[in-house]
Participant: 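Submitted below is the structure of interest, expressed as C-alpha cells.
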Amino acid sequence: MIVELDLFTWIDRAGEVRIGDIEEEFGLDPRALDVLITYLVALELLERGPDQRVRLMPLAAEYLVAGSPWDMRAYFGSLSERPGCVEMLAALRTGKTASWSSSPGDSRDWSERLVDPGWARRVVAAMDSRGRFLGVEFAAALDQLTGISRSLDIGGDSGVYSCALVDRRPRLRASVLERSPVDGVARELLAERGYADRVDVITGDMFAGPLPAGFDLHIYSHVLHDWSEEQVRGLLAASYAALEPGGWIVDHDAHINADKTGPLPAAEYSVMMMHGTQGKCWAVSELSVLLADSGFVDIRHQDTTSDRSVVIARKPAG
C-alpha cells in the first residue's frame, strides 16, 4: 500500500479523492478497500469526509509521501516481500480469502478445514476460551430484552454464550445450531460443564434451508463478520422468517462505529477478517440498514466489553 501502490503520494497529488476513484485507479476489491480506508482513518492517516471522500492527515503527509523531508517509504518498502505483505496486497487486489495455513499445498480457508475433526476441536477451543471471557457481559447486555423463552445461537461453536445466557436467565431454554463435526464437540463440552439439560445442540448448516422454528431469540456471536454482504443478508432474512413474532435478533461482535472512523481495535480486527474470510467487521450503520431491509425494527446498539458490542433488533409482533 505504502510502496507497491504509493497510495498516500497519489492522494497527496490529487488533494481530496473519492473512495471509488481509489478503487478504479488501483484496481482494488471494494470490500477490501472499504476495510483499508476504515483502518487508515482509525490510524489518523486519512480523514473521511462527506460523499465518500478522503484526504491525507498530517501524519501521512509528513512520513508517507514522495518529496517529504521525512519520507519513510523506503523503510516500509524493505518489508514488501514478506509473506504477510504479499498476501495482504493480493487480498486488496482480488478480494479473495487467503488460505488459513502457510503449509505448501494447503489452500483451504478456515471454513473448508472445519470438516477435519481435529481442526474443528482446535477452533471450538479457541472460540470457547474467548467466549468464557466475553460471555458474562454479553448476557448482561440482553437484560433489556423481554418475552424470551427459547434462544437459538446460530453458528454458536461450543455454546459458551448460551451458557452465559442461561446462567442469567434460569428459565430460558437454549439451543446451538452447528454443523458436523463442530456439533459433536459442542455436545461434549456442554455435558462436561453440566449444561446439557439446559443447552442442546441442533445439527444443521445455517446456509442450507430454513432455520429451525419456535425460537424468540436468535444470536449471531462473531459469525456475521465471516461472510459477504449477500450471505449476511441471507442469514438475516432467514432469521426474520424463522423467528416468532415479536422475537429478537442479536449480533455480538467487534463493530465499526456508525461513521466508520474506528475504533482502532475493531478496524484492526476487520483487516484480519478481510484477509482470512469473506467478510469484515460490520459498521453499526451498515448492520442497521441490513436489519431494516430484512424487516426488523427497534434497532439499537450497546457496548459490552473488550471492544465488543451488541446490535439488537426486533421482529414486529403483528
Participant: Thinking salt bridges, do Arg187 and Glu192 make one under a 4.0 Å N-O criterion?
Facilitator: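 Looking at Arg187 and Glu192, the cut-off is not met.
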Participant: Would a distance-only check, ignoring hydrogens and angles, find a side-chain to backbone donor-acceptor pair under 3.5 Å from Gln278 to Ser228?
Facilitator: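 Pair absent, no side-chain N/O of Gln278 close to backbone of Ser228.
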Participant: Out of curiosity, Trp282 CH2 to Met273 CE, how far, rounded to the nearest 0.5 Å?
Facilitator: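 Rounded to the nearest 0.5 Å, the CH2-CE separation comes to 13.0 Å.
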Participant: Supply the atom-to-atom distance Leu92 CG to Leu28 CG, rounded to the nearest 0.5 angstrom.
Facilitator: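 Answer rounded to 0.5 Å: 6.0 Å.
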Participant: Rounded to the nearest 0.5 Å, what's the gap from CG on Asp153 to CD1 on Ile219? Could you check?
Facilitator: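 If we round to the nearest 0.5 Å, Asp153:CG and Ile219:CD1 are 5.0 Å apart.
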Participant: Any salt bridge linking Arg233 with Asp293? Criterion: basic side-chain nitrogen under 4.0 Å from a carboxylate oxygen.
Facilitator: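 The answer is yes: the pair qualifies as a salt bridge.
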Participant: So if I apply the side chain to side chain contact (heavy atoms under 4.5 Å, CB included) rule between Leu56 and each of Leu40, Leu7, Asp12, which one comes out positive?
Facilitator: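 That would be Asp12.
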Participant: Got more than 12 heavy atoms from elsewhere within 6.0 Å of CZ, Arg193?
Facilitator: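 Enclosed: over 12 neighbouring heavy atoms sit under 6.0 Å from CZ of Arg193.
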Participant: Looking at Leu243 and Asp216, what are the two nearest heavy atoms and their distance?
Facilitator: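 Scanning both residues, the minimum pair turns out to be CD2-C, 3.7 Å.
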Participant: Do Val311 and Leu235 belong to the same hydrophobic cluster, where Ile, Leu, Val, Met, Phe, Trp and Tyr are linked whenever their side-chain heavy atoms lie under 4.5 Å apart, directly or via other members?
Facilitator: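 Shared cluster, yes.
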Participant: Would you call Glu137 and Arg308 a salt bridge, using N to O less than 4.0 angstrom?
Facilitator: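 Salt bridge: no.
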Participant: Using the rule that two of Ile, Leu, Val, Met, Phe, Trp, Tyr join whenever any of their side-chain heavy atoms come within less than 4.5 Å, decide whether Leu291 and Val297 are in one cluster.
Facilitator: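 No.
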Participant: Are Tyr161 and Leu190 connected in a single hydrophobic cluster, I mean Ile/Leu/Val/Met/Phe/Trp/Tyr linked by side-chain heavy atoms less than 4.5 Å apart?
Facilitator: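 The answer is yes; both residues are in one hydrophobic cluster.
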Participant: Do side-chain atoms of Asp253 reach the backbone of His255 as a donor and acceptor pair under 3.5 angstrom?
Facilitator: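 Such a contact is absent between Asp253 side chain and His255 backbone.
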Participant: If you compare all heavy atoms of Thr261 against all heavy atoms of Asn257, which two are closest, and at what distance to 0.1 Å?
Facilitator: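 The answer is N-OD1, 2.9 Å.
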Participant: Okay, side chain of Arg31, backbone of Gly95: is any donor-acceptor separation there less than 3.5 Å?
Facilitator: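 At least one qualifying donor-acceptor pair exists.
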Participant: Is the side chain of Ser294 donor-acceptor paired with the backbone N or O of Phe296 at a distance under 3.5 Å, no angle test?
Facilitator: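 Absent.
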Participant: For Arg300, does the CZ atom have more than 12 heavy-atom neighbours from other residues, nucleotides or ligands under 6.0 Å away?
Facilitator: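 Yes - once you tally the heavy atoms of other residues, nucleotides and ligands closer than 6.0 Å, there are more than 12.
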Participant: State, with a plain yes or no, whether a side-chain heavy atom of Ile299 is found less than 4.5 Å away from one of Ile312.
Facilitator: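 The answer is no, as the side chains (C-beta and beyond) never meet within the 4.5 Å cut-off.
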Participant: For a quick test of reading the model, state the closest non-hydrogen atom pair linking Ala91 to Ala32 and the distance between them.
Facilitator: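 Closest approach of Ala91 to Ala32: O-CB, 3.6 Å.
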Participant: Do other residues, nucleotides or ligands put more than 12 heavy atoms under 6.0 Å from Phe133 CZ?
Facilitator: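 No, the 6.0 Å shell around CZ holds no more than 12 heavy atoms from other groups.
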Participant: So, for Val232 and Trp227, which heavy atoms are closest and what is the spacing to 0.1 Å?
Facilitator: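 Scanning both residues completely, I find the closest heavy atoms to be CG2-O, 3.8 Å.
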Participant: Would you say Thr97 and His275 make side-chain contact, with heavy atoms under 4.5 Å?
Facilitator: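 They are not in side-chain contact.
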Participant: How close do Val65 and Phe8 get, counting heavy atoms only, and between which atoms?
Facilitator: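 Looking at all heavy atoms of both residues, the closest pair is CG2-O, 3.7 Å.
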Participant: Decide yes or no on side chain to side chain contact (heavy atoms under 4.5 Å, CB included) for Val310 and Asp251, but give the supporting numbers first.
Facilitator: CA-CA 5 Å; Val310 289; Asp251 180 53; over 6 Å; no
Participant: Any chance you could lay out the side chain to side chain contact (heavy atoms under 4.5 Å, CB included) test for Asp307 and Tyr269, step after step, and finish with the verdict?
Facilitator: CA-CA 10 Å; Asp307 305 308; Tyr269 191 31; over 6 Å; no
Participant: Would you say that Leu134 contacts Ser306 through its side chain, given a criterion of any heavy-atom pair below 4.5 Å between the two side chains?
Facilitator: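 The answer is yes; the side chains approach within 4.5 Å.
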Participant: Within this structure, what is the CD1-CG distance for the pair Ile11 and Leu64, rounded to the nearest 0.5 Å?
Facilitator: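 Interatomic distance, Ile11 CD1 to Leu64 CG, rounded to 0.5 Å: 10.5 Å.
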Participant: Which of these passes side chain to side chain contact (heavy atoms under 4.5 Å, CB included) with Lys280: His225, Glu286, Glu229?
Facilitator: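 By the side chain to side chain contact (heavy atoms under 4.5 Å, CB included) criterion, Lys280 pairs with just one of His225, Glu286, Glu229: Glu286.
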Participant: Check for a donor-acceptor pair, side chain of Gln144 on one end and backbone N or O of Ala141 on the other, with a separation under 3.5 Å.
Facilitator: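 Checking the backbone N and O of Ala141 against the side chain of Gln144, a donor-acceptor pair under 3.5 Å is found.
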Participant: Are the side chain of Thr38 and the backbone N or O of Val35 linked by a donor-acceptor pair below 3.5 Å?
Facilitator: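 Pair absent, no side-chain N/O of Thr38 close to backbone of Val35.
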Participant: Give a yes or no on this: more than 12 heavy atoms of other residues, nucleotides or ligands lie within 6.0 Å of atom CD of Gln302.
Facilitator: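 Enclosed: over 12 neighbouring heavy atoms sit under 6.0 Å from CD of Gln302.
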Participant: Charged N to carboxylate O under 4.0 angstrom, Arg73 versus Asp71?
Facilitator: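 A salt bridge links Arg73 with Asp71.
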Participant: What I'd like to find out is whether the side chain of Arg93 reaches to under 4.5 Å of the side chain of Leu5, using heavy atoms alone.
Facilitator: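 When only atoms from C-beta onward are counted, Leu5 and Arg93 do touch, with a gap below 4.5 Å.
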Participant: Do Leu287 and Leu224 come within less than 4.5 Å of each other through their side chains, counting heavy atoms only?
Facilitator: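 Yes, side chains in contact.
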Participant: Where the side chain of Ser270 meets the backbone of Ala266, is there a donor-acceptor pair that is under 3.5 Å apart?
Facilitator: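 It does not hold such a pair.
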Participant: Do His252 and Tyr220 have ring centres separated by under 6.0 Å?
Facilitator: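 No, the ring centres sit 6.0 Å or more apart.
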Participant: Which value, rounded to the nearest 0.5 Å, describes the distance between Trp248 atom CH2 and Ser239 atom OG?
Facilitator: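 Nearest 0.5 Å value for the CH2-OG distance: 15.0 Å.
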Participant: Should Met206 and Val223 count as side-chain neighbours, where that means a heavy-atom distance under 4.5 Å?
Facilitator: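 Sidechains of Val223 and Met206: in contact.
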Participant: Determine, for Glu188 against Arg121, whether the closest basic-nitrogen to carboxylate-oxygen distance falls under 4.0 angstrom.
Facilitator: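 Yes, Glu188 and Arg121 are salt-bridged.
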Participant: Spell out, yes or no, whether Val41 and Leu43 are grouped together once hydrophobic residues are joined by side-chain heavy atoms under 4.5 Å, including indirect joins.
Facilitator: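 Yes; Leu43 is reachable from Val41 via cluster members.
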Participant: Do side-chain atoms of Glu25 reach the backbone of Ile22 as a donor and acceptor pair under 3.5 angstrom?
Facilitator: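 Here the side-chain-to-backbone pair does not exist.
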Participant: Any side-chain heavy atom of Asp167 sitting closer than 4.5 Å to one from Val136?
Facilitator: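 Of all side-chain heavy-atom pairs linking Val136 with Asp167, none is under 4.5 Å.
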Participant: Given side chains that start at C-beta, do those of Trp10 and Val17 come closer than 4.5 Å, heavy atoms only?
Facilitator: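 Answer yes - side chains close enough.
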Participant: Has the side chain of Ser68 got a donor or acceptor atom that lies under 3.5 Å from a matching backbone atom of Glu62?
Facilitator: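 Such a contact is found between Ser68 side chain and Glu62 backbone.
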Participant: Looking at Arg168 and Asp143, is any side-chain nitrogen of the basic one under 4.0 Å from a carboxylate oxygen of the acidic one?
Facilitator: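 Looking at Arg168 together with Asp143, the answer is yes, because their closest N to O distance falls below 4.0 Å.
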Participant: Are Ile249 and Phe138 co-members of a hydrophobic cluster defined by side-chain heavy atoms under 4.5 Å apart?
Facilitator: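 Phe138 and Ile249: separate clusters.
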Participant: Which pair of non-hydrogen atoms, one from His218 and one from Ala242, has the smallest distance, and what is that distance?
Facilitator: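 Smallest interatomic distance, heavy atoms only, reads CE1-CB, 4.0 Å.
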Participant: Rounded to the nearest 0.5 Å, what separates atom CD1 in Ile37 from atom CD in Gln52?
Facilitator: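 Reported to 0.5 Å precision, the distance equals 9.5 Å.
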Participant: Taking 4.0 angstrom as the limit, do Asp34 and Lys260 come out as a salt bridge?
Facilitator: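 Salt bridge between Asp34 and Lys260, a charged N being under 4.0 Å from a carboxylate O: yes.
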